[in-house]
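The block underneath contains the structure these notes are about, expressed in structure tokens.
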Amino acid sequence: MRQSKLFTKTRKEAPADEVSKNAELLIRGGFIHKEMAGVYMYLPLGLKVLNKIEQIIREEVNSVGAQEISMTALQNPDLWKKSNRWDDSIVDNWFKTKLKNDAELGLGFSHEEPLVNMLKNFISSYKDLPISVYQFQNKFRNELRAKSGILRGREFLMKDMYSFHTSTKDFDAFYEKMKLVYKKIFERAGIGHLTYLTFASGGVFSKYSHEFQTLTSAGEDTIYIDEATSVAVNQEVYTDEVLQNLGLDKEKLVERKAIEVGNIFDLKSRFSEPFDLSFTDENGEKHIILMGCYGIGVGRLMGTVVEALSDDKGIIWPESIAPFKVHLLSLGESEAVKNEADKVYETLLSSNVEVIFDDRSGMSAGEKFADADLIGMPYRAVVSERSIKEGGVELKKRNEEKGKVVSLEELLKILSI
Ligand code: ATP
Ligand code: MG
């Protein structure tokens with residue numbers, strides 16, 4: 001991509017009403033546009049990041065046999081009345097709307113009800129189980145506070161997945177597998193080293209749920225970490241009894257701020273019961289199906305990476321989710337530099353290296369460097385009079401102080417790994 005053709009521009013200041021670091025940097029870099037509080041558009045660079053995170057999640061959940069679908073945003077109140085989640089006194093963050101004939105509709109904040117209802121058409125026997133189903137979809141939540149940028153949106157992209165089982169034993173085994181799948185996802189997204197499996201409240205139906213909490217000062221949660229085992233406990237269940245139960249020593253726990261990037265939950269028969277989602281076993285006996293659910297905030301994960309991996313100059317994208325692997329800069333207006341930079345760009349493109357090329361004229365080196373630091377590609381490659389004289393392109397990683405001049409062949413070798 002030639003930066004001269006990219007319609008977004010970087011900016012020095014974020015909107016005055018934006019207080020979160022993730023939104024400030026992402027807006028300044030042209031990744032997102034703020035529509036209103038808690039509502040953001042994803043622009044070309046931002047959408048690339050979101051899509052890459054989505055693809056990592058897709059690959060990892062596909063590996064346990066989950067099947068992708070796409071449900072609807074519009075929700076039929078009758079289904080939610082069955083499970084007693086339509087009433088605003090039960091669920092306080094519904095967005096609701098009306099049909100022309102005044103009938104009410106909801107905008108989905110989650111999707112257990114329509115999924116369970118749909119599956120009744122397909123599941124009746126033990127032979128139909130286990131299954132797991134997921135989707136990527138924008139959720140709508142009338143959040144009270146929306147000051148955390150894309151960490152807490154009123155419309156946001158979620159991966160929600162649900163699993164269905166004949167027995168607790170089968171559910172438990174799958175749930176353990178999902179812990180590993182989640183660990184892998186956060187590792188691949190570049191925040192594995194900052195993310196902790198955290199015991200949290202299980203609601204009324206289960207003893208605990210598990211959250212995946214990433215350390216950042218922007219986090220809304222307080223967690224207590226046991227460094228030795230990499231396990232943490234959310235403040236909401238942090239009691240002497242729980243610690244004893246989990247075999248954790250209070251003295252060894254460290255208190256930290258963190259953000260929940262994902263969670264996994266034992267739903268038992270909370271939703272299968274009201275919909276009578278059941279199966280018949282080998283003997284023709286009927287049983288209720290057991291469920292689990294597994295969420296990840298895709299946009300929140302992106303915002304978390306920005307919060308956790310940036311410096312005072314801008315974002316530092318992990319290679320796996322960066323919009324482009326390398327930011328190629330052409331410095332100066334001379335024909336020699338322009339021709340050489342063009343050649344480097346074409347060579348990278350034809351080797352399938354993801355490259356954004358700052359080919360803009362009329363900008364100082366300082367301005368181009370500042371932009372490269374702000375938008376944070378993992379590598380920066382500079383073509384200038386000097387780099388040409390020294391035999392090539394000056395290459396440095398985003399988080400390195402100084403680069404070194406390498407030949408075009410070496411550049412290709414380093415970047416095509
Ligand atoms: P939180 O505790 O942060 O309010 P939650 O427990 O209500 O979130 P779930 O309903 O389980 O979250 O949603 C699954 C995932 O979706 C969460 O783990 C989080 O990553 C993400 N998420 C939840 N609410 C938001 C939001 N308002 N904006 C962006 N992502 C969100
Ligand atoms: Mg939560």
Side-chain angles (χ1 to χ4, degrees), residues 20 22-23 26 32 34-42 46 49-50 53-54 56-57 61 85 90-95 107-113 115 134-163 178-179 181-183 185-186 189 191 194-203 205-206 208-216 218-223 232-237 257-267 270-271 291-308:
S20 76
N22 70 83
L26 289 168
I32 61 173
K34 183 176 189 170
E35 188 71 9
M36 53 186 139
V39 184
Y40 296 89
M41 284 184 199
Y42 286 77
V49 177
L50 204 69
I53 297 173
E54 191 179 297
I56 290 174
I57 298 172
V61 299
R85 290 212 292 177
I90 308 284
V91 172
D92 64 2
N93 59 11
W94 268 115
F95 277 112
L107 296 178
F109 67 89
S110 189
H111 278 86
E112 286 82 358
E113 283 80 349
L115 179 62
Y134 72 99
Q135 64 168 350
F136 292 94
Q137 191 172 67
N138 277 8
K139 301 286 193 250
F140 298 86
R141 292 187 184 179
N142 201 343
E143 301 276 2
L144 187 61
R145 281 166 296 120
K147 292 186 183 315
S148 305
I150 60 171
L151 297 183
R152 186 171 294 286
R154 294 196 164 108
E155 176 179 355
F156 60 95
L157 184 62
M158 191 200 286
K159 184 280 295 176
D160 47 329
M161 171 167 155
Y162 310 86
S163 70
M178 286 307 291
K179 283 185 189 166
V181 164
Y182 269 42
K183 187 165 188 283
I185 289 169
F186 299 123
I191 50 172
L194 299 170
T195 304
Y196 290 84
L197 178 73
T198 305
F199 288 83
S201 156
F205 290 89
S206 184
Y208 303 110
S209 69
H210 293 91
E211 296 172 341
F212 289 78
Q213 292 273 2
T214 306
L215 301 185
T216 159
E220 294 174 7
D221 289 344
T222 301
I223 63 169
V233 179
N234 193 310
Q235 190 169 45
E236 65 186 19
V237 296
K257 281 274 168 222
I259 178 91
E260 175 196 319
V261 285
N263 63 16
I264 61 178
F265 224 96
D266 179 359
L267 293 174
R270 166 69 181 90
F271 298 98
M291 274 178 77
C293 74
Y294 315 85
I296 294 181
V298 185
R300 181 179 289 187
L301 202 165
M302 173 171 162
T304 300
V305 168
V306 175
E307 292 284 345

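Both counts, for ligands and for their atoms, begin at 1 and track the order of listing.
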In a table with atom names and distances, give each donor-acceptor pair under 3.5 Å that connects a side chain of residues 142-149 to protein atoms at least two apart or in another chain.
unit_1: Glu143; atom_1: OE1; unit_2: Arg152; atom_2: NH1; d: 3.2
unit_1: Glu143; atom_1: OE2; unit_2: Arg152; atom_2: NH1; d: 3.2
unit_1: Ser148; atom_1: OG; unit_2: Glu220; atom_2: OE2; d: 3.4

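- A tilted orientation is assigned to the rings of Phe186 and Phe212, their planes being inclined by 30° to 60°.
- Considering both main-chain and side-chain atoms, Ile296 never comes within under 3.5 Å of ligand 1 through any nitrogen or oxygen pair.
- Considering backbone and side-chain N/O of Met158, none are found under 3.5 Å from N/O of ligand 1.
- Residues satisfying the ring pair (Phe, Tyr, Trp, His ring centres under 6.0 Å) criterion with His111, sequence neighbours excluded, are absent altogether.
- A donor-acceptor contact shorter than 3.5 Å is absent between the side chain of Glu307 and the backbone of Thr216.
- Between the choices Lys159, Gln213, Arg152, the shortest heavy-atom distance to atom 1 (P) of ligand 1 belongs to Arg152.
- Within the set Met302, Glu211, Arg300, Arg141, the minimum heavy-atom distance to atom 9 (P) of ligand 1 is found for Arg141.
- Against a heavy-atom cut-off of under 4.0 Å, Val261 is close to the following atoms of ligand 1: 18 (O), 20 (O).
- Atom 22 (N) of ligand 1 has Phe156 CE1, 3.6 Å as its closest protein atom, hydrogens excluded (heavy atom only).
- Among all non-hydrogen protein atoms, the one lying nearest atom 15 (C) of ligand 1 is Gly297 N, 3.8 Å.
- The nearest heavy-atom contact from the protein to atom 28 (N) of ligand 1 is Gly153 N, 2.8 Å.
- Residues Leu157 and Glu54 have side chains in contact (heavy-atom distance under 4.5 Å, counting atoms from C-beta outward).
- Residue contact annotation: Gly262 has a non-hydrogen atom under 4.0 Å from ligand 1.
- Protein N/O/S atoms found under 2.8 Å from the Mg ion (ligand 2), listed by chain and residue number: Glu260 OE1.
- If you number the atoms of ligand 1 from 1 as listed, the ones under 4.0 Å from a heavy atom of Glu143 come out as 24 (N), 26 (C), 27 (N).
- Listed by chain and residue number, nothing satisfies the ring pair (Phe, Tyr, Trp, His ring centres under 6.0 Å) test with Phe140 (two or more places apart in sequence, or in another chain).
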task: Give the intermediate values and the outcome of side-chain contact (heavy atoms from CB on, under 4.5 Å) for residues Leu26 and Met302.
output: CA-CA 10 Å; Leu26 289 168; Met302 173 171 162; 3.9 Å; yes
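- If you look at Leu151 next to ligand 1, the close heavy atoms, those under 4.0 Å, all belong to the backbone.
- Distance from atom 2 (O) of ligand 1 to its nearest protein heavy atom, with residue and atom name: Glu260 OE1, 3.3 Å.
- Here the CD1 atom belonging to Ile223 is positioned 5.5 Å from the CG atom belonging to Leu215, to the nearest 0.5 angstrom.
- Given atom 11 (O) of ligand 1, the protein heavy atom at minimum distance is Asn263 ND2, 2.7 Å.
- In this structure the side chain of Val261 never reaches within 4.5 angstrom of the side chain of Ile296, judged on heavy atoms.
- Minimum heavy-atom separation, Leu194 to Tyr196: O-CD1, 3.7 Å.
- When side chains are defined from C-beta on, Tyr294 counts as touching Ser163, because their heavy atoms get closer than 4.5 Å.
- Side chains of Glu211 and Asp221 form a contact here, defined as non-hydrogen atoms less than 4.5 Å apart.
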